[in-house]
J.: 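Got a structure for you, written out below as structure tokens; questions coming shortly.
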Amino acid sequence: MKRVVVGLSGGVDSSVAAYLLQQQGYEVIGLFMKNWHDDSVTISNDCPWLEDSNDALLVAEKLGIPFQTVDLSEQYKEKIVDYMFNEYEKGRTPNPDVLCNREIKFDVFMKIAISLGADYVATGHYCRKNEIEVNGKPVYQLLSGVDNNKDQSYFLCQLSQEQLSKSLFPIGELTKPQVREIAAEMELVTAEKKDSQGLCFIGKVRLPEFLQQKLQPKPGIIVQIDKSNSVYNIGIPKGLSTEETLSLTASPIQYTPEMGKTVGKHQGAHYFTIGQRKGLNVGGTAEGLFVIVTDVDSNTIYTGMGSHHPGLFRKALFVEKSEVHWIRKDLALANGETMKVMARIRYRQPLQEATLHQFESGMYVSFEEPQSAITEGQFVAWHLNDELVGSGVIS
């Protein structure tokens with residue numbers, strides 16, 4: 001009998017995942033990961049880990065499976081939290097959920113599971129895994145979940161073949177309503193529980209306050225750039241190589257305060273992210289202001305009015321060589337090669353038509369349609385049909 005360790009988070013998805021595996025004849029062990037114990041920055045009582053671990057325990061008791069809690073808060077702090085602070089300090093916007101899966105759930109947690117004699121680790125992610133053969137060897141595919149509204153393959157875009165080989169995603173074939181129905185039939189305590197929000201397991205954290213613990217406030221100015229500014233009419237010179245053209249297309253515009261008008265003050269450019277609208281506290285504009293660039297060196301935030309402002313859009317992005325990650329290594333591009341894909345630059349964004357261009361320096365992803373708020377530090381993930389084949393950090 002194969003042994004599976006399920007990461008029970010205290011939510012409905014992982015509860016049903018455990019039940020389904022039990023039905024499929026696996027020996028199931030429930031493990032709750034405690035990744036956070038600094039209550040000073042979580043929003044009181046909204047999603048404390050204690051309540052979650054309690055719910056996880058009740059589910060395990062109901063299913064009659066062994067259960068234990070593992071404290072990974074030290075590794076979490078080192079691998080996720082410190083990384084986030086460093087990224088924000090550089091003016092980038094990290095994605096803690098993608099990292100939590102790569103570094104914690106499918107690494108530290110997986111190693112613990114394997115030390116408990118597990119053959120697999122299972123989670124309540126809405127995605128599917130498939131096995132095919134390439135050149136006589138097994139190759140694992142990461143496929144989108146069947147529920148289009150809930151597909152979470154994006155969060156697993158950094159997994160390796162090794163990690164996928166030991167992973168199971170029992171609810172990937174189901175929709176959220178079906179999952180809730182099973183939980184209700186089984187009278188699991190989590191059946192009606194709201195979906196958790198916030199940093200993967202930290203609970204609901206107020207991000208600015210969380211960042212302020214480490215990053216000191218630094219007053220600066222907010223500059224508004226008019227959409228008719230001449231900087232948006234500069235074309236790309238003729239006679240450049242493909243790589244040079246892509247490089248110009250992917251580079252953010254360099255703004256200076258003289259190009260616009262000062263409309264307000266802020267407490268630190270590193271607290272803001274591109275495309276952000278809330279928290280600027282600038283009134284009196286016909287439409288909302290959106291952050292188009294944060295310059296952490298000069299501590300200036302550049303904004304544009306309205307969601308169609310040209311400063312929000314770019315047609316290409318760049319991923320440094322060391323940050324290009326192929327789940328399907330057998331499909332990786334050699335220098336000079338291109339591939340047509342469907343890609344997204346954030347979770348829940350509909351897939352966009354794009355082309356990958358691999359060069360010595362790294363990879364360019366060029367889109368058919370200009371994309372809003374391409375953000376440094378976030379992940380771009382690319383698909384062939386319903387398979388997520390690779391990803392990279394936007395630089």
Side-chain angles (χ1 to χ4, degrees), residues 87-88 90-99 102 153-158 225 231-232 234-237 240-255 272-276 290-296 302 304 307-328 331-384 388-395:
E87 287 285 278
Y88 275 110
K90 292 183 203 148
R92 290 163 52 124
T93 308
N95 187 316
D97 295 300
V98 171
L99 281 162
R102 182 181 83 191
S153 56
Y154 178 80
F155 291 129
L156 304 177
C157 69
Q158 285 278 297
I225 305 285
V231 72
Y232 300 123
I234 301 167
I236 287 186
L240 297 180
S241 71
T242 311
E243 188 172 358
E244 289 165 335
T245 305
L246 283 163
S247 173
L248 282 175
T249 315
S251 300
I253 292 173
Q254 302 297 317
Y255 296 98
F272 290 83
T273 178
I274 296 174
Q276 184 173 333
F290 289 80
V291 176
I292 52 178
V293 162
T294 60
D295 182 343
V296 286
Y302 294 96
S307 58
H308 297 296
H309 190 280
L312 279 171
F313 293 87
R314 284 217 307 277
K315 275 200 82 158
L317 60 85
F318 181 63
V319 178
E320 278 174 30
K321 192 176 182 173
S322 62
E323 301 277 21
V324 175
H325 172 77
W326 289 90
I327 293 180
R328 289 286 304 279
L331 297 177
L333 298 177
N335 290 341
E337 290 186 337
T338 62
M339 180 190 276
K340 282 217 176 296
V341 295
M342 300 296 284
R344 58 167 57 99
I345 54 172
R346 60 181 73 86
Y347 175 54
R348 302 198 59 96
Q349 182 195 24
L351 285 167
Q352 309 286 315
E353 285 179 49
T355 305
L356 309 179
H357 306 258
Q358 184 68 51
F359 295 100
E360 179 55 43
S361 59
M363 180 193 279
Y364 289 95
V365 183
S366 65
F367 293 90
E368 292 297 311
E369 298 292 322
Q371 299 297 306
S372 176
I374 289 175
T375 306
E376 259 189 272
Q378 293 277 308
F379 290 88
V380 56
W382 51 89
H383 291 243
L384 294 173
L388 196 163
V389 292
S391 66
V393 181
I394 299 171
S395 77

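Heads up: numbering here begins at 1 and tracks the sequence. If you're wondering where the values come from, they're calculated on a predicted model, not measured in any experiment.
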J.: For R102, give me all partners under salt bridge (charged side-chain N to carboxylate O under 4.0 Å, His left out), at least two apart in sequence or on another chain.
T.: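 R102 satisfies salt bridge (charged side-chain N to carboxylate O under 4.0 Å, His left out) with no other residue.
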J.: Can you tell me how far the OG1 atom of T249 sits from the CG atom of L317, to the nearest 0.5 Å?
T.: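 CG of L317 is found 11.0 Å from OG1 of T249.
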J.: According to ring-ring contact (aromatic ring centres under 6.0 Å, His included), who are the partners of F313, at least two apart in sequence or on a separate chain?
T.: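 For F313, no residue satisfies ring-ring contact (aromatic ring centres under 6.0 Å, His included) once neighbours in sequence are set aside.
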J.: Could you list the residues that satisfy side chain to side chain donor-acceptor pair (under 3.5 Å) with D295, not counting sequence neighbours?
T.: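 With neighbours one apart ignored, the set is S298.
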J.: Within the 4.5 Å heavy-atom criterion, are I253 and V293 side-chain neighbours or not?
T.: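 In short, these two side chains do not touch, never coming nearer than 4.5 Å.
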J.: The criterion is salt bridge (charged side-chain N to carboxylate O under 4.0 Å, His left out); which residues satisfy it with E323, sequence neighbours excluded?
T.: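 Once residues adjacent in sequence are excluded, E323 has no partner under the salt bridge (charged side-chain N to carboxylate O under 4.0 Å, His left out) criterion.
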J.: Quick one, T294 and Q276 - any side-chain contact, counting heavy atoms below 4.5 Å?
T.: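 No, too far: nothing below the 4.5 Å cut-off.
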J.: Should Y154 and V98 count as side-chain neighbours, where that means a heavy-atom distance under 4.5 Å?
T.: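 Yes, at least one pair of side-chain atoms sits under 4.5 Å.
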J.: Using a 3.5 Å distance criterion without hydrogens, assess whether the side chain of R344 forms a donor-acceptor pair with backbone atoms of P350.
T.: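 No: the side chain of R344 does not pair with the backbone of P350.
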J.: For the residue pair G275 and L312, what are the closest heavy atoms and their distance?
T.: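 So the minimum-distance heavy-atom pair works out to CA-CD2, 4.0 Å.
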J.: Return the set of residues passing ring-ring contact (aromatic ring centres under 6.0 Å, His included) with H309 (not counting sequence neighbours), or none when no residue passes.
T.: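 With sequence neighbours excluded, H309 shows a ring-ring contact (aromatic ring centres under 6.0 Å, His included) to Y232, given in chain and number order.
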J.: Looking only at heavy atoms, what is the nearest atom pair of S372 and R346, with distance?
T.: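 That would be O-NH2, 2.7 Å.
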J.: CG of L356 to CE of M363: how many Å apart, nearest 0.5 Å?
T.: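 If we round to the nearest 0.5 Å, L356:CG and M363:CE are 4.5 Å apart.
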J.: Show me the side-chain donor-acceptor pairs of residues 331-343 shorter than 3.5 Å, one per line, residues at least two apart or across chains.
T.:
from	atom 1	to	atom 2	distance (Å)
N335	ND2	E360	OE1	2.8
E337	OE1	A334	N	2.8
K340	NZ	T355	OG1	3.4

J.: Would you indicate whether the side-chain heavy atoms of I374 and I394 approach each other to under 4.5 Å?
T.: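 Yes. Closest side-chain heavy atoms under 4.5 Å.
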J.: Got a sec, which residues hit ring-ring contact (aromatic ring centres under 6.0 Å, His included) with Y255, two or more places apart in sequence or on another chain?
T.: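 Result, ring-ring contact (aromatic ring centres under 6.0 Å, His included) vs Y255: Y302.
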J.: Let me have the donor-acceptor pairs involving side chains of residues 364-371, under 3.5 Å, with sequence neighbours excluded, atom names and distances please.
T.:
from	atom 1	to	atom 2	distance (Å)
S366	OG	H357	NE2	3.1
Q371	OE1	Q349	NE2	2.7
Q371	NE2	Q352	OE1	3.1
Q371	NE2	E369	O	2.9

J.: How close do S395 and E320 get, counting heavy atoms only, and between which atoms?
T.: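 Result for this residue pair: CB-OE2, 4.0 Å.
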J.: Within this structure, what is the CD-CG distance for the pair Q158 and L388, rounded to the nearest 0.5 Å?
T.: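 Answer for the CD-CG pair, Q158 versus L388, is 10.0 Å.
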J.: Sequence neighbours excluded, which residues qualify as side chain to side chain donor-acceptor pair (under 3.5 Å) partners of S241?
T.: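 Counting only residues at least two positions away or on another chain, S241 forms a side chain to side chain donor-acceptor pair (under 3.5 Å) with E244.
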J.: Distance check, rounded to the nearest 0.5 Å: C157 atom SG versus N95 atom CG?
T.: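 Rounded to the nearest 0.5 Å, the SG-CG separation comes to 7.5 Å.
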J.: What's the spacing between I345 CD1 and S391 OG if we round to 0.5 Å?
T.: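 The CD1 atom of I345 sits 14.0 Å away from the OG atom of S391.
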J.: Using a 4.5 Å cut-off on heavy atoms from C-beta on, say whether the side chain of R92 contacts that of V393.
T.: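 Counting from C-beta outward, V393 and R92 do come under 4.5 Å.
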J.: Measure the shortest side-chain to side-chain distance between E376 and P252 over non-hydrogen atoms and say whether it is less than 4.5 angstrom.
T.: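 They are not in side-chain contact.
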J.: Looking at S247 and E243, would you say the former's side chain and the latter's main chain have a donor-acceptor pair under 3.5 Å?
T.: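 Flag not set: sc S247 to bb E243 has no pair under 3.5 Å.
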J.: Not counting sequence neighbours, which residues clear ring-ring contact (aromatic ring centres under 6.0 Å, His included) with F155? List them please.
T.: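 Residues passing ring-ring contact (aromatic ring centres under 6.0 Å, His included) with F155: Y347.
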J.: Just jot down the side-chain contact (heavy atoms from CB on, under 4.5 Å) partners of T375, sequence neighbours excluded, or say none.
T.: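 With neighbours one apart ignored, the set is T93, T273, I274, A373, Q378.
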J.: Does S307 have any side-chain contact (heavy atoms from CB on, under 4.5 Å) partners at least two apart in sequence or in another chain, and if so, which?
T.: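 S307 satisfies side-chain contact (heavy atoms from CB on, under 4.5 Å) with F290 once adjacent residues are dropped.
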